[in-house]
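Residue numbers count from 1 along this sequence. Values below: every heavy atom of this structure, side chains too, minus hydrogens, waters and symmetry copies. Only a predicted model underlies this, so the values are computations on that prediction, with no experimental measurement involved.
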Amino acid sequence: MSNTLLNHSPDLKKLQDHGYNISLIDSYLLVHYVPYVNCDKQVKYGTLVSSLALAGNITTKPTDHVAYWIGEHPCDSNGSPLQALVNESDKQIPITDKLVTTCSFSQKPQDGYSDYYQKMTRYIDILEGYAHVLNPDATAKTLGHVESMIESAFQYVDSASGRYDITNINAKFKQKKIAIVGLGGTGSYVLDLVAKTPVKEIHIFDHDVFSQHNAFRAPGAPSVKDFSTENSVLKVSRFATIYSQMKKGITQHSERINPSNVQYMHGMDFVFICLDDGESRRIITEYLVENCISFVDTGIGLRKNDEMISGLVRIDTYTPSSPNHLKNSLPTNNIEDNLYTTDIQTADINALTAALAVIKWKKLCGFYHDQQAEYNTVYQLITNDITNNSENDQNEKNQA
């Protein structure tokens with residue numbers, strides 16, 4: 001367990017000091033070796049689990065009264081199921097590959113639980129009480145052993161995943177190595193979104209300086225001091241500094257991708273291409289296709305017409321199993337349907353483009369359902385329409 005979290009959270013420290021065997025996995029608190037009675041009137045030992053509410057490295061008042069259980073269905077000393085305790089008899093939450101909850105408990109005090117010591121000991125006392133009838137020596141106090149915390153991809157605990165019971169789904173991103181090429185408006189928003197997933201590494205590529213105009217189409221709110229000559233920084237340095245406060249494993253590359261360094265893409269699990277440079281796009285996509293590396297390529301085409309702006313957003317996806325349409329369809333001559341050369345970009349369209357790209361990547365990872373399996377998406381601003389070209393559509397055309 002994180003010593004910082006333990007030392008700054010009196011309720012967790014109290015659990016340890018009173019002899020309970022506790023551990024922290026992601027944003028879950030576990031108390032191990034809790035005695036209970038099964039349906040055969042045998043005293044067994046299970047694990048009590050609760051999601052944690054945190055403020056930095058300190059626990060706060062529990063946001064709910066529900067706890068989870070890893071073990072057989074608990075019973076009273078006569079072997080009768082504790083129906084008044086069990087809330088959901090088949091609540092399966094994978095805490096790790098080997099630890100999956102079997103049910104959930106519900107015992108709500110009038111004012112809720114004041115801290116996690118009160119919450120966990122309340123449930124332990126109920127289970128332990130029935131076990132004492134059969135074995136007076138049964139106890140959950142096993143000398144306060146504290147297990148080590150699983151290495152996190154973040155600088156602090158991801159308490160959101162545990163709060164919404166999606167830790168196991170988020171685990172699909174672990175160990176992945178991601179590249180983001182281009183940190184303009186779209187690429188910087190892609191970084192903002194990907195940095196909130198537990199990927200192992202994020203490699204960011206851009207050779208340009210963060211300028212004043214960038215502030216109006218990128219996440220955050222820079223100070224005017226950030227644009228003075230003495231404070232001028234590269235985009236990769238600026239964004240690496242900001243997002244490394246939250247996310248581990250961010251590596252910056254202040255180079256334009258060319259034939260001599262495109263091998264930086266080697267070993268990546270996925271690449272986001274957020275460029276308006278057709279030649280660089282060609283070099284990168286050819287290398288990725290040749291080396292069977294999946295990627296999303298983004299494009300924005302906005303133009304001013306009648307004192308208003310219209311245009312489109314394009315998302316193209318390649319995976320080794322997808323059609324080879326990308327080889328011939330991606331713009332590689334600095335022209336995005338003759339629109340991108342106008343160089344109009346807005347924060348909301350950049351953010352939308354990034355969101356569509358990241359959602360597609362998450363679909364490929366199995367985080368979101370993907371019924372359409374689209375490899376090309378175009379959003380038309382003026383009509384608010386999204387058009388998809390998918391493998392399913394292509395198969396239907398071939399059959400026709």
Side-chain angles (χ1 to χ4, degrees), residues 153 173-211 214 218-219 233-244 246-300 314-322 324 326-327 329-334 336 340 350 353-354 357-358 360-362 364-365:
F173 301 120
K174 289 184 177 181
Q175 304 306 314
K176 292 193 179 297
K177 188 175 179 180
I178 305 301
I180 304 171
V181 185
L183 285 181
T186 300
S188 57
Y189 277 105
V190 168
L191 173 61
D192 184 85
L193 298 173
V194 175
K196 295 174 175 64
T197 68
V199 295
K200 184 178 181 180
E201 298 178 29
I202 302 176
H203 291 255
I204 53 178
F205 297 81
D206 201 300
H207 68 286
D208 207 355
V209 171
F210 186 79
S211 301
N214 297 125
V233 296
L234 292 168
K235 291 178 184 176
V236 288
S237 298
R238 172 180 173 78
F239 287 114
T241 299
I242 292 173
Y243 287 96
S244 290
M246 177 183 189
K247 184 75 178 68
K248 298 177 183 178
I250 297 178
T251 302
Q252 52 183 297
H253 305 267
S254 57
E255 304 170 58
R256 183 194 294 271
I257 298 298
N258 56 59
S260 68
N261 62 15
V262 70
Q263 67 271 12
Y264 277 135
M265 300 297 110
H266 181 73
M268 298 294 174
D269 293 296
F270 197 87
V271 177
F272 291 92
I273 304 173
C274 307
L275 297 171
D276 56 0
D277 183 340
E279 178 61 16
S280 294
R281 176 186 283 116
R282 181 190 63 78
I283 293 169
I284 296 168
T285 55
E286 286 182 357
Y287 180 88
L288 296 178
V289 171
E290 181 180 347
N291 289 275
C292 298
I293 299 172
S294 299
F295 66 87
V296 159
D297 180 78
T298 67
I300 299 174
R314 174 188 58 79
I315 306 293
D316 275 302
T317 306
Y318 169 82
T319 67
S321 61
S322 67
N324 290 324
L326 290 179
K327 287 185 177 181
S329 68
L330 289 180
T332 56
N333 57 355
N334 291 333
E336 187 74 49
Y340 207 104
N350 281 128
T353 307
V358 172
K360 181 58 187 180
W361 166 64
K362 286 188 172 184
L364 294 174
C365 292

Tell me, do [X] and [Y] make a side-chain contact under 4.5 Å, heavy atoms counted?
X    : Y    : answer
L183 : V236 : yes
L275 : I284 : yes
V296 : V190 : no
I257 : F205 : yes
D297 : R314 : yes

With a 3.5 Å cut-off and sequence neighbours excluded, list the donor-acceptor pairs that the side chains of residues 261-269 form with protein atoms.
residue	atom	partner	partner atom	Å
N261	OD1	N258	N	2.7
N261	ND2	E255	OE1	3.4
N261	ND2	R256	O	3.1
Q263	NE2	S260	O	3.0
Y264	OH	E255	OE2	2.8
D269	OD2	K177	N	2.7

Counterpart residues, ring-ring contact (aromatic ring centres under 6.0 Å, His included), relative to Y243 (two or more places apart): none
Sorted by chain and number, sequence neighbours left out, ring-ring contact (aromatic ring centres under 6.0 Å, His included) with F272 holds for F270, W361
Side chain to side chain donor-acceptor pair (under 3.5 Å) with [X]: which residues, sequence neighbours excluded?
X    : answer
K360 : D370
S280 : D277
S237 : Q252
H253 : H203

Please report the closest heavy-atom contact between [X] and [Y], naming both atoms and the distance.
X    : Y    : result
Y318 : L288 : CE2-O, 4.3 Å
P219 : Y189 : N-CZ, 3.7 Å
L234 : S254 : CD1-CB, 3.5 Å
T298 : T353 : CB-CG2, 3.7 Å
A354 : T186 : CB-O, 3.6 Å
C292 : P320 : O-CG, 3.3 Å

Out of curiosity, [X] [atom1] to [Y] [atom2], how far, rounded to the nearest 0.5 Å?
X    : Y    : atom1 : atom2 : result
L191 : D206 : CG    : CG    : 11.5 Å
C274 : N350 : SG    : CG    : 9.5 Å
K176 : I178 : NZ    : CD1   : 7.0 Å

Residues in side-chain contact (heavy atoms from CB on, under 4.5 Å) with S244, at least two apart? I250
For P259, all residues meeting side-chain contact (heavy atoms from CB on, under 4.5 Å), sequence neighbours excluded: I283
Answer yes or no: does atom NZ of K362 have more than 12 heavy-atom neighbours from other residues, nucleotides or ligands under 6.0 Å? yes
Please confirm whether the backbone N or O of V199 pairs with a side-chain atom of K247, one donor and one acceptor, at under 3.5 Å? yes
Any salt bridge (charged side-chain N to carboxylate O under 4.0 Å, His left out) pairs touching residues 180-192, not counting sequence neighbours? D192-K196
